[in-house]
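Numbering of ligands and ligand atoms starts at 1, following listing order. In this text, all values refer to a predicted model and were calculated from it rather than measured experimentally.
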Amino acid sequence: MLDLTYEAPKPKVIAGAKYDWELVIGMEVHAQVASNAKLFSGASTQFGNEPNSNVSFVDAAMPGMLPVINGECVKQAVRTGLALNCAIHEKSVFARKNYFYADLPKGYQITQDTTPICNGGFIEIKDADGNTKKIGLTRIHMEEDSGKSIHDLSPFDTMIDLNRAGVPLLEIVSEPDMRSGDEAYQYLTEVRKLVRYLEICDGNMEEGSLRCDANISVREKGSTEFGTRVEVKNLNSIRNVKRAIEYEFKRHIGLIEEGQEIRKTTLTFNAQTGETSIMRTKEEADDYRYFPEPDLQPLEITQDYIDEVRQTLPPLPKQLFRKYVGLGLSEYDASMLTDDKHIALYFETLLNHVESAKSGVNWMMGEVKGYINELAIGIDEFPITPQRLAGLINMVDEGKMGRTLASQQLFPIMIKEPQKTPVELAKENNLVQVNNLDELEQWIQKSIDAYPDKVEEYRGGKKGILGLFMGEVMRLSGGKADPKKT
Ligand code: ADP
Ligand code: MG
């Protein structure tokens, strides 16, 4: 029953909580699927168009219009399921979820109920002790978005924009497996990373292309039963999800220890105050009168199709992470390289062309990251191709150029003239390493002549002083002297 008078109580101080409490969190994530057309019509999904310009007769719920499933969205659902270790069902069924709202002209949303396209699956995170923990996935299903009601354009009317009506969504529902705000933070970070790797969704929470509802309850540690949950909506960043969870944890404990009961409510989070407030209460389960959508056949896909889609999956962050750790990189380096898909793909190509993976990482984490971070640009704007960069790295590893010369002189030149190879640029800029004995000897002689007293100290047994002469030769040669020959 809708209870409009109910106010969610504010949290009590819990510094002296009597019992040891535990959080239980389950997450519902809606990802807006990148597709040119809507889920059941040919209308455009382009964002920012004139209100009500991307609306077909199907989206506007004109009588007699029939939905037609968009194959591209089915493919994206299968890709997501495969990437998240789910079972993909050859047969799934669309259902009507009935409710009345002005921005839902049909009076129902087409979704999937008891037979979604994917079940099971998991996402790996780290628990508080640093151990790998699997967060189970209940299901992934396809559904259409509703339109948008705009309340602040007119003091008297609500405006309806149906551009969003029918836009394809994937809903990813987790098991109530998370136990802290930090676990929820990691879970969402992984989900977002994955949909970005798969290019299913841009993962932008502020703009609403990735939306998340957190289901939160509290129980005494060690208990096997779940407490009553609340659901927090309107969370527009991963950090705010964590804040809302931590706020709710305190509020629940305060109430329970005071002898009050938790009511099943839908809350909204205010990022300014850091507090939640009530949107609606739902004492009983919502009754949406689900039934199979009569205008659509059950969706059937074949195992061959699923296998075909599996073949075309891009490398995924977890696989790349394991590969890099296997190559001897630290977990820190491996996660830095796989956090962003474009960095990972750049590094993948680099790896195919360098002789030493370790050198590749050093350049990637040092010079390349340093450059793009300083300019605050993405790797896609980094001018040197991975092939050219590999050429430079190999020159150093083969002893054809000193590391310092390569890093401090040739690398900046390559950034300015990315169309030329490092060998060409080294020649043009007179940066080729000198290993000709006559030339080397001149520099060596000069450096010896410059420090007669140091020469004496060396003769007297202070062998460590050799470094000084080496440094001097490097300085005189502008870094071009071959250190080994010298
Ligand atoms: P609804 O449509 O009512 O929101 P769903 O089945 O779509 O229900 O989503 C339920 C979500 O709530 C799931 O993510 C589930 O893991 C989570 N959940 C269920 N029970 C609890 C609980 N007691 N505490 C925290 N989360 C829960
Ligand atoms: Mg829900």
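Between S217 and ligand 1, a contact under 3.5 Å exists for at least one N or O pair. Remark: ligand 1 and V173 share no N or O pair separated by less than 3.5 Å (distance only, no angle test). An N or O contact shorter than 3.5 Å is missing between K264 and ligand 1 by distance. Any N or O atom pair closer than 3.5 Å counts here, and S174 shares at least one such pair with ligand 1.
Proximity to G227 (heavy-atom distance under 4.0 Å) selects the following atoms of ligand 1: 23 (N). Contact atoms of ligand 1 toward E175: 16 (O) (distance under 4.0 Å to a heavy atom of the residue). Near F226, meaning under 4.0 Å from any of its heavy atoms, are these atoms of ligand 1: 23 (N).
Applying the side chain to side chain donor-acceptor pair (under 3.5 Å) test to N54 and every residue at least two apart in sequence or in another chain returns N49. Residues satisfying the salt bridge (Lys or Arg N to Asp or Glu O under 4.0 Å) test with R139, not counting sequence neighbours, are none.
Looking at K97, E28, M27, E225, it is E28 that brings a heavy atom closest to atom 7 (O) of ligand 1. Of the candidates T228, N215, V29, the one placing a heavy atom closest to atom 26 (N) of ligand 1 is N215.
Nearest heavy atom pair, residue L188 against residue C212, reads CD1-SG, 3.8 Å. Closest approach of L299 to M142, counting heavy atoms only: CD2-CE, 3.6 Å.
Under the 6.0 Å cut-off for aromatic ring centres, F269 and Y247 do not qualify, their centroids lying 6.0 Å or more apart. For F347 and Y324, the gap between ring centers is short of 6.0 Å.
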